[in-house]
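One is the number of the first residue; the rest follow in order along the sequence. Both counts, for ligands and for their atoms, begin at 1 and track the order of listing.
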Amino acid sequence: MFRREAEAASASARRELQGRRLHELVQRLAGSRSDFWRERLDGIPPASIRSLEDLGSLPFTLKSDLRDTYPWGMLAVPRSLAVRAHASSGTSGKPTIVAYTSQDIGVWSEVVARSLVCAGARADDVLHVAYGYGLFTGGLGLHYGGEKLGATVVPASGGNTDLQLRLLSDLGAHGLACTPSFAMLLAEKAHAEGLAGLQVRYLVCGAEPWSEGFRTKLEAAWTEVTDHEVIARDIYGLSEVIGPGVAMECAESPGNLHVFDDHFLPEVLDPETGKRVPDGERGELVLTTLTKEALPVIRYRTGDITSLTRGTCRCGRTHPRIARIEGRTDDMLIIRGVNVFPREIETVLLESEALNGAYAIVVDRRETMARLDIHAEVAGSTLPEGLDEHLRDVLARRLRVNPRVTLHPEDTLPRTAVGKVKRVFERVDDTDPLGLPDRGER
Ligand code: DLL
């Protein structure tokens, strides 16, 4: 552990600390310079918020609040005290701006350092960071956390796979931090080029949804190119809360991520009613930043679907754990009146050993009723006979809609070397969103 006294704190010490920090947060915001916060907390006396039981009486923060107060309206400190701003891309219109004081940067570095230790990182490691540097929080977040741990950080950023492979090899990286899709692309390239001698032991993957099936393929691909066991661990975070390092998977509890709840207080709610769901049940993750100074959030609706487990983990950490993110409240597709989650499709495709994990979902809206087109790559250059029909049957049973399934030889579908992978595409006219050669069947 990076900070045992916090990570293995007793339940009572943790609750006492959280109650105190929650009270201080509300007091700080109610008296802050921000009109937004003073209005939002109007009628809630800070003295009435003393413990976690009082959390439910606080209002939610939504992504639209950040957009509506763009750029600095939610800033709770004078702008001159903010030492950094980041922006989250968002799908429409204005970006959302987030800001940090130097103490916030300190907390962020610490939680990322804790996350890296969860992945098996050590102070004398070389850590290759291939998340994007810039407005996105991935690159700089992992970078500062790696330095805090004491590692030698290589700020490679995204793109340029040939140079990345060369640096990974020549500088002897022990850890690679990047999106799971980019980690797969690097393994594919390393394999194709017959690169030998890579020392990578662990991958710190997040920023986009990935499944257990993808992990299995990713670890196998890296184990093959390095000739030793490589593990891939899941890191979760979001800019509105801090960036990467909100929660991290450890070695003892695969598929579950410790939420560093001395800084980020998690709740899981029914997205429709906003009521808390019992532990272990699935709902929307809502987070409160207990210590953030520049741009705190109270009960931020992340839109991410997960469930919460409490109790001491075999690793000794006492932080509660969230299950690997299952999807978002807003990524559900509606195909002929049926709700379809992209993750369900990924789960089916990655169960097949004949596929290599690269896939794309196209929602074809050229006719009144949308159709689902699923494209997947096989491992190798020959298409196994009947596999497309088999997948179509399995998917039709699981999804309750009839998709079209098209298989492709490996290395045909678009790859993402910069930023987050895009798996779902819309087709509205004769232009193929995947840019594939016309094979006459569409
Ligand atoms: O993606 C921060 C990050 C950087 C996390 C590097 C991990 C590694 P945003 O760009 O604000 O921040 O996007 C946040 O990405 O609400 C989730 O929907 C999704 N997301 C992040 N991590 C995971 C993960 C960064 N491990 C949004 N699994 C979040 C699934 C993830 N989804």
Quiz item: Which value, rounded to the nearest 0.5 Å, describes the distance between Tyr131 atom OH and Cys205 atom SG?
Solution: 5.5 Å
Practice problem: Looking only at distances, please establish whether an N/O atom of ligand 1 is found under 3.5 Å from an N/O atom of Asp234. | Solution: yes
Quiz item: Does His375 have its ring centroid less than 6.0 Å away from the ring centroid of Tyr359?
Solution: no
Exercise. Check ligand 1 against Thr137 and write out every atom of the ligand that is under 4.0 Å from a heavy-atom position of the residue.
Key: 2 (C), 12 (O)
Practice problem: Could you tell me whether some N/O pair between Ala207 and ligand 1 is separated by less than 3.5 angstrom? | Solution: yes
Practice problem: Could you list the atoms of ligand 1 found under 4.0 angstrom from a heavy atom of Ile325? | Solution: 30 (C)
Quiz prompt | Positive for salt bridge (Lys or Arg N to Asp or Glu O under 4.0 Å) with Glu252, one of Arg314, Arg233, Arg317 | solution = Arg314
Quiz item: What class does the angle between the rings of Tyr100 and His86 fall in, given that below 30° is parallel, 30 to 60° is tilted and above 60° is perpendicular?
Solution: perpendicular
Self-check item: Per-atom contacts of ligand 1 with Tyr131, taking only distances under 4.0 Å to non-hydrogen atoms
Solution: 6 (C), 8 (C)
Quiz item: Just distances here: any N/O of Ser88 and N/O of ligand 1 closer than 3.5 Å?
Solution: no
Practice problem: Could you say whether the N/O atoms of Ser239 and ligand 1 ever approach to under 3.5 Å? | Solution: yes
Quiz item: Do any N or O atoms from the side chain of Glu344 and from the backbone of Phe341 form a donor-acceptor pair under 3.5 angstrom?
Solution: yes
Practice problem: Would you mind finding which of Val129, Leu238, Asp304, Ile242 brings a heavy atom closest to atom 16 (O) of ligand 1? | Solution: Asp304
Quiz item: Rounded to the nearest 0.5 Å, how far apart are OH of Tyr300 and CG of Asp65?
Solution: 8.5 Å
Self-check item: Per-atom contacts of ligand 1 with Gly237, taking only distances under 4.0 Å to non-hydrogen atoms
Solution: 2 (C), 5 (C), 12 (O), 14 (C), 21 (C), 22 (N), 25 (C), 29 (C)
Self-check item: Contacting atoms of ligand 1, where contact means under 4.0 angstrom from a heavy atom of Arg328
Solution: 16 (O), 18 (O)
Self-check item: Interfacing atoms of ligand 1 (cut-off 4.0 Å, heavy-atom, Gly138)
Solution: 4 (C), 6 (C)
Quiz item: What are the two closest non-hydrogen atoms of Phe182 and Gly159, and how far apart are they?
Solution: CZ-O, 3.9 Å
Quiz item: For ligand 1, which atoms, with element, lie under 4.0 Å from some heavy atom of Ile235?
Solution: 7 (C), 8 (C), 22 (N), 24 (C), 26 (N)
Quiz item: If you measure from each non-hydrogen atom of Glu208 to ligand 1, which part falls under 4.0 Å: side chain, backbone, both or neither?
Solution: backbone
Quiz item: Numbering the atoms of ligand 1 from 1, which are under 4.0 Å from a heavy atom of Tyr236?
Solution: 22 (N), 23 (C), 26 (N)
Practice problem: Could you tell me whether His174 and Tyr202 have their ring centroids closer than 6.0 angstrom? | Solution: no
Quiz item: Thinking salt bridges, do Lys292 and Asp104 make one under a 4.0 Å N-O criterion?
Solution: no
Quiz item: Does Lys420 come within less than 4.0 angstrom of ligand 1, counting non-hydrogen atoms of the residue?
Solution: yes
Quiz item: Can you tell me if Lys420 uses its side chain to pair, donor with acceptor, with the backbone of Ala207 under 3.5 Å?
Solution: yes
